[in-house]
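My structure is below; once you've seen it, I'll send some questions.
We count ligands from 1, going down the list as the structure has it; atoms in each ligand are counted the same way.
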Amino acid sequence: MKTSTVLSHPNIAFIKYWGNRDNALRIPANGSISMNLASLETRTSVEANPEFQSDSLTLNGRKETGTALVRVQAFMDLLREMSGNPYFARVSSENNFPQSTGIASSASGFAALAAAGSKAFGLDLSEKELSMLARRGSGSASRSIPDGFVEWHAGKKDADSYAESIAPAEHWELWDCVAVVTDQPKKTGSTEGHLLAGTSPLQAARVQDAPRRLEICRNAILKKNFEALADIIELDSNLMHGVMMTSTPPLMYWSPKSLKIMQEVAKWRKKGIPAAYTLDAGPNVHVICTKEYADRVRARLEKIPGVARVLISGVGSGVQVLL
Ligand code: DP6
């Protein structure tokens, strides 16, 4: 019997992952860049035990039986195959933030599961191998393994599709102020959404232009150039949502409230406040700003009608093994 406990953080993508070259292996159509979110946490424990008759999953204290369990079982099969260890596992995971609202719980969830699971199954994996493994559970989870600001190299096959840190968490004190407009789970999850990306006539152009956006974003982070970062992350978010809205069937993740917040943020930036918006597969708006402006941005967001609350976070570390 072996147990491991791991702490991980979700990440917010600056350059987005949307659509796969290989769905089974989660090899993405394009590379992506993100920052880990320090104050949002997932804690996951995995116990592998010869006495267990099947895998089990407890999420935030609730026993799961549906699709979440099936997804975790498939991931445990992968660990059994890699380790040659046939045991079943008991997985228990807790988040300190709401799930399924465009705040990527699958990213921190599978990053933690990869790290805790590999340890419980007796595997000693490098950061790169852990990132590749986490990717198989959820693509964006590959980016929650390394520290701080992270780039996921798209690659063409399993061995070259992994994420690595481009700058440590303390490199640049950026904050993410998440304007939560709903806690309702989204209707179409990312996994289903990725399958539709190729039906949009805009996806090919988005993917073709990705290396240029990645370079601008990487350089903006390295040089701490907020203006350049703001322009590229808003463009990239709009491009991804353009693809989503023009897929068959179309996916509309924005709500009228999301659009209102985006318009406000654009106005603030014109007035000199360093703030920029980005949205994942949900209506909540992530507003990225510099540390000095985080309190002001939060207060402004809270005043916008329809904003239920604002979560704020600085840049987080990679996955940490606690036990
Ligand atoms: C819009 O990593 O959640 O958040 O691999 O199917 O689990 P799966 O998808 P996921 O997709 C993330 C999509 C996104 C953009 C991003 O985080 O890059």
Side-chain angles (χ1 to χ4, degrees), residues 8-37 40 42 67-68 70-72 74-75 78 95 97 99-114 131-145 149-155 158 161-163 176 178 185-198 200 203 206-207 210 213-214 217 232-245 247 251-254 258 277-286 288 316:
S8 69
H9 304 286
N11 62 75
I12 177 65
F14 291 166
I15 302 295
K16 309 289 189 186
Y17 153 47
W18 197 248
N20 287 313
R21 167 192 285 269
D22 181 325
N23 285 308
L25 289 175
R26 287 190 156 84
I27 312 289
N30 61 276
S32 52
I33 290 180
S34 59
M35 106 181 184
N36 288 332
L37 300 174
L40 308 184
T42 297
T67 47
V70 172
R71 199 163 164 183
V72 165
F75 193 78
L78 201 60
N95 292 327
F97 57 94
Q99 265 165 269
S100 302
T101 53
I103 301 162
S105 56
S106 69
S108 52
F110 280 99
L113 188 60
S131 175
M132 286 162 51
L133 174 61
R135 190 199 79 228
R136 302 285 298 273
S138 174
S140 54
S142 66
R143 297 189 311 242
S144 279
I145 298 288
F149 299 89
V150 174
E151 180 164 359
W152 173 12
H153 306 292
D158 182 49
S161 187
Y162 64 96
D176 182 6
V178 193
K186 54 198 170 202
K187 281 199 242 45
T188 310
S190 317
T191 306
E192 239 180 290
H194 290 299
L195 301 177
L196 300 179
S200 164
Q203 170 72 345
R206 191 191 74 87
V207 169
R213 298 192 307 281
L214 285 163
C217 183
I232 203 69
I233 72 177
E234 290 188 354
L235 170 66
D236 193 85
S237 175
N238 293 342
L239 274 172
M240 179 182 72
H241 285 272
V243 167
M244 290 163 159
M245 290 175 200
S247 295
L251 299 174
M252 297 272 182
Y253 288 109
W254 293 356
S258 322
Y277 65 77
T278 183
L279 288 85
D280 280 344
N284 297 330
V285 184
H286 293 253
I288 310 298

Exercise for the section: Between Ala141, Ser190, Ala281, flag the one that comes closest to atom 1 (C) of ligand 1 by a heavy atom. Expected result: Ala281
Exercise for the section: For ligand 1, indicate whether the residue Ser32 contacts it via side chain, backbone, both or neither (heavy-atom separation under 4.0 Å). Expected result: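 Neither part.
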Exercise for the section: May I ask you to decide if the ring planes of Tyr17 and His194 are parallel, tilted or perpendicular, using 30° and 60° as cut-offs? Expected result: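 The arrangement is parallel - the two ring planes meet at less than 30°.
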Exercise for the section: Give a yes/no verdict on whether any heavy atom in Arg135 is under 4.0 Å from an atom of ligand 1. Expected result: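 For ligand 1, residue contact (heavy atoms, under 4.0 Å) with Arg135 is absent.
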Problem - Residue portion contacting ligand 1 (non-hydrogen atoms closer than 4.0 Å) for Ser138 - result: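 It is both backbone and side chain that touch ligand 1.
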Handout entry: Any donor-acceptor N or O pair under 3.5 Å, side chains Ser161, Trp152
Key = yes
Exercise for the section: May I ask whether Ser106 has any heavy atom positioned less than 4.0 angstrom from an atom of ligand 1? Expected result: yes
Problem - Close side-chain approach of Thr278 to Lys16, heavy-atom, < 4.5 Å - result: yes
Completion exercise
Residues passing the salt bridge (charged side-chain N to carboxylate O under 4.0 Å, His left out) test with Arg26, sequence neighbours excluded, are none
Completion exercise
Residues passing the salt bridge (charged side-chain N to carboxylate O under 4.0 Å, His left out) test with Asp22, sequence neighbours excluded, are none
Practice task
Take the angle between the ring planes of His241 and Trp254 and call it parallel below 30°, perpendicular above 60°, tilted in between.
Solution key: tilted
Handout entry: ligand 1 N/O within reach of Gly139 N/O, cut-off under 3.5 Å
Key = yes
Handout entry: Residue selection (non-hydrogen contact nearest atom 7 (O) of ligand 1) among Arg71, Arg136, Arg26, His194
Key = Arg71
Practice task
Say whether Lys16, considering both its backbone and side-chain N or O atoms, lies within less than 3.5 Å of an N or O atom on ligand 1.
Solution key: no
